[in-house]
Undergrad: 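Pasting a structure below so you can have a look.
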Amino acid sequence: KEQPYVYHKEQFLFGDKMKCGECGSAYHCYKHGELRRWDCCRRLIKGRVSCRNQHIQEEQIKELFIKTVKNLEKHPEQIREIIVHRTRRNSRIKALEHEIEMLKNSSTIEIEELLGMIYKRASLLYENADDGGAEYYSKKIENLIQQHKERSEEKIFDKDLFDAIIEVITIYKDGRVMFTLKNGATMTEKL
């Protein structure tokens with residue numbers, strides 16, 4: 001049986017940066033002649049359609065990336081718009097601190113249990129800590145976007161810029177393509 005699209009394991013331009021917004025799986029590149037089409041790797045499983053997310057061509061991704069870069073050049077403040085979801089972790093830390101205080105004030109202190117809670121709190125605090133990575137990448141991305149703006153006015157795809165600033169590209173069924181920058185900020189474009 002002939003397969004019109006064959007998945008190629010060699011590293012394509014977007015490598016492991018593409019993911020499905022519907023099922024969370026990776027996107028793979030399928031090549032047919034010169035056409036490179038990206039599909040969810042769970043689209044077909046044992047001949048059955050498992051994920052109905054849309055496919056996207058490599059040229060469309062390049063065009064959307066160029067559009068995103070132009071948008072960032074006009075509005076550099078968007079680079080610093082980072083959404084951090086820490087409230088759930090903060091409530092867990094507060095609950096753990098309350099338990100530690102209650103155990104300290106208890107007449108029968110279990111040292112092993114107290115140490116376990118202290119280690120758990122330290123682990124949660126470490127997970128919640130900002131190591132400066134977002135700030136570092138924000139400055140780096142701003143500099144790279146500024147350099148790109150100064151040196152090129154034409155609409156060309158810059159592979160080096162793409163590798164330097166993009167962490168993940170998420171494709172959604174409704175046509176949204178979300179570019180997550182290395183600092184955690186997101187930019188959404190529509191197909």
Side-chain angles (χ1 to χ4, degrees), residues 9 11-29 38-43 45 50-51 53 56 61 64-65 68-69 71-72 75-146 159-174 176-189:
K9 293 199 183 265
Q11 196 74 340
F12 281 101
L13 179 64
F14 301 115
D16 57 353
K17 292 184 188 247
M18 303 276 293
K19 83 171 194 176
C20 179
E22 302 302 314
C23 70
S25 299
Y27 255 56
H28 288 168
C29 187
W38 290 81
D39 266 323
C40 177
C41 69
R42 295 188 49 84
R43 182 171 175 76
I45 298 177
S50 178
C51 181
N53 202 355
I56 186 168
I61 300 166
L64 290 174
F65 176 72
T68 298
V69 169
N71 193 11
L72 289 173
H75 306 286
E77 69 278 0
Q78 291 181 336
I79 294 170
R80 293 180 293 274
E81 290 180 6
I82 305 165
I83 300 169
V84 181
H85 303 284
R86 294 184 178 171
T87 54
R88 201 165 129 209
R89 219 179 275 146
N90 283 341
S91 62
R92 288 174 52 202
I93 292 170
K94 286 179 185 174
L96 204 52
E97 285 173 346
H98 180 70
E99 285 183 47
I100 290 170
E101 283 303 314
M102 297 226 358
L103 197 58
K104 279 185 190 175
N105 296 332
S106 170
S107 60
T108 57
I109 297 176
E110 293 290 329
I111 300 296
E112 293 297 318
E113 187 179 354
L114 182 61
L115 281 174
M117 285 182 176
I118 291 171
Y119 286 133
K120 190 172 184 177
R121 179 183 65 185
S123 174
L124 287 172
L125 287 170
Y126 177 76
E127 285 177 20
N128 208 24
D130 181 13
D131 62 355
E135 186 178 333
Y136 166 77
Y137 277 114
S138 294
K139 288 178 183 174
K140 183 177 179 180
I141 291 167
E142 283 178 28
N143 291 337
L144 289 168
I145 293 291
Q146 187 59 36
K159 182 187 181 320
D160 295 329
L161 180 65
F162 177 83
D163 286 337
I165 70 171
I166 298 296
E167 182 71 29
V168 176
I169 302 170
T170 309
I171 312 296
Y172 292 96
K173 197 174 185 177
D174 61 3
R176 288 179 297 135
V177 177
M178 187 170 70
F179 293 92
T180 304
L181 306 180
K182 292 212 174 172
N183 68 346
T186 58
M187 302 288 297
T188 304
E189 297 292 339

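All residue numbers refer to positions in the sequence shown, counting from 1.
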Undergrad: Nearest 0.5 angstrom please: K120 NZ to I118 CD1, how far?
TA: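 Between atom NZ of K120 and atom CD1 of I118 there are 13.5 Å.
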Undergrad: Step through the shown structure and confirm whether more than 12 heavy atoms of other residues, nucleotides or ligands are within 6.0 Å of CD on E77.
TA: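 Atom CD in E77 is crowded, with more than 12 foreign heavy atoms closer than 6.0 Å.
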Undergrad: Just how far is it from atom CD1 of I141 to atom CG of L181, taken to the nearest 0.5 Å?
TA: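 I141 atom CD1 to L181 atom CG measures 4.5 Å (nearest 0.5 Å).
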Undergrad: Can you tell me how far CD1 of I165 sits from OG1 of T180, rounded to the nearest 0.5 angstrom?
TA: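 One finds 11.5 Å between OG1 of T180 and CD1 of I165.
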Undergrad: Atom NZ of residue position K182 - does it have more than 12 heavy atoms of other residues, nucleotides or ligands inside 6.0 Å?
TA: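 More than 12 heavy atoms, drawn from other residues, nucleotides or ligands, come within 6.0 Å of this atom.
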Undergrad: Tell me if a side-chain donor or acceptor on R121 pairs with a main-chain N or O of I93 at a distance below 3.5 Å.
TA: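 No.
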Undergrad: Side chain of T68, backbone of L64: donor and acceptor closer than 3.5 Å?
TA: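 Side chain of T68 to backbone of L64: a pair is present.
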Undergrad: Using 0.5 Å steps for rounding, measure from the CG atom of N143 to the OG atom of S138.
TA: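 Here the interatomic distance stands at 11.0 Å.
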Undergrad: Kindly give the heavy-atom pair with the smallest separation between R42 and S50, and that separation in Å.
TA: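 Of all heavy-atom pairs spanning R42 and S50, the closest is O-CB, 2.9 Å.
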Undergrad: Are any non-hydrogen side-chain atoms of E22 and Y172 less than 4.5 angstrom apart?
TA: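 E22 reaches Y172 side chain to side chain.
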Undergrad: According to salt bridge (Lys or Arg N to Asp or Glu O under 4.0 Å), does anything in residues 99-110 pair up with another residue at least two apart or in another chain? List the pairs.
TA: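 Every salt bridge (Lys or Arg N to Asp or Glu O under 4.0 Å) pair that includes a residue of residues 99-110, provided the two are not neighbours, is E101-K104.
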Undergrad: Atom OH in Y27, atom NZ in K19: separation rounded to 0.5 Å?
TA: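 So the OH of Y27 and the NZ of K19 are separated by 12.0 Å.
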Undergrad: Could you tell me if the side chain of S25 sits less than 4.5 Å from the side chain of C51, heavy atoms only?
TA: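 Side-chain contact under 4.5 Å: no.
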Undergrad: Kindly say whether C23 contributes a backbone atom to a donor-acceptor pair with the side chain of N53 at under 3.5 angstrom?
TA: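 Side chain of N53 to backbone of C23, a donor-acceptor pair under 3.5 Å: no, none is there.
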Undergrad: Just how far is it from atom CD1 of I61 to atom CD1 of I56, taken to the nearest 0.5 Å?
TA: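 I61 atom CD1 to I56 atom CD1 measures 4.5 Å (nearest 0.5 Å).
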Undergrad: Backbone N or O of I166 within a donor-acceptor pair of the K17 side chain at under 3.5 Å?
TA: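 At least one qualifying donor-acceptor pair exists.
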Undergrad: Can you list the residues that meet the ring-ring contact (aromatic ring centres under 6.0 Å, His included) rule with F65, with sequence neighbours excluded?
TA: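 By the ring-ring contact (aromatic ring centres under 6.0 Å, His included) rule, F65 matches F157, F162.
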Undergrad: Does any N or O in the side chain of K173 come within less than 3.5 Å of the main-chain N or O of G21, such that one atom is a donor and the other an acceptor?
TA: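 Flag not set: sc K173 to bb G21 has no pair under 3.5 Å.
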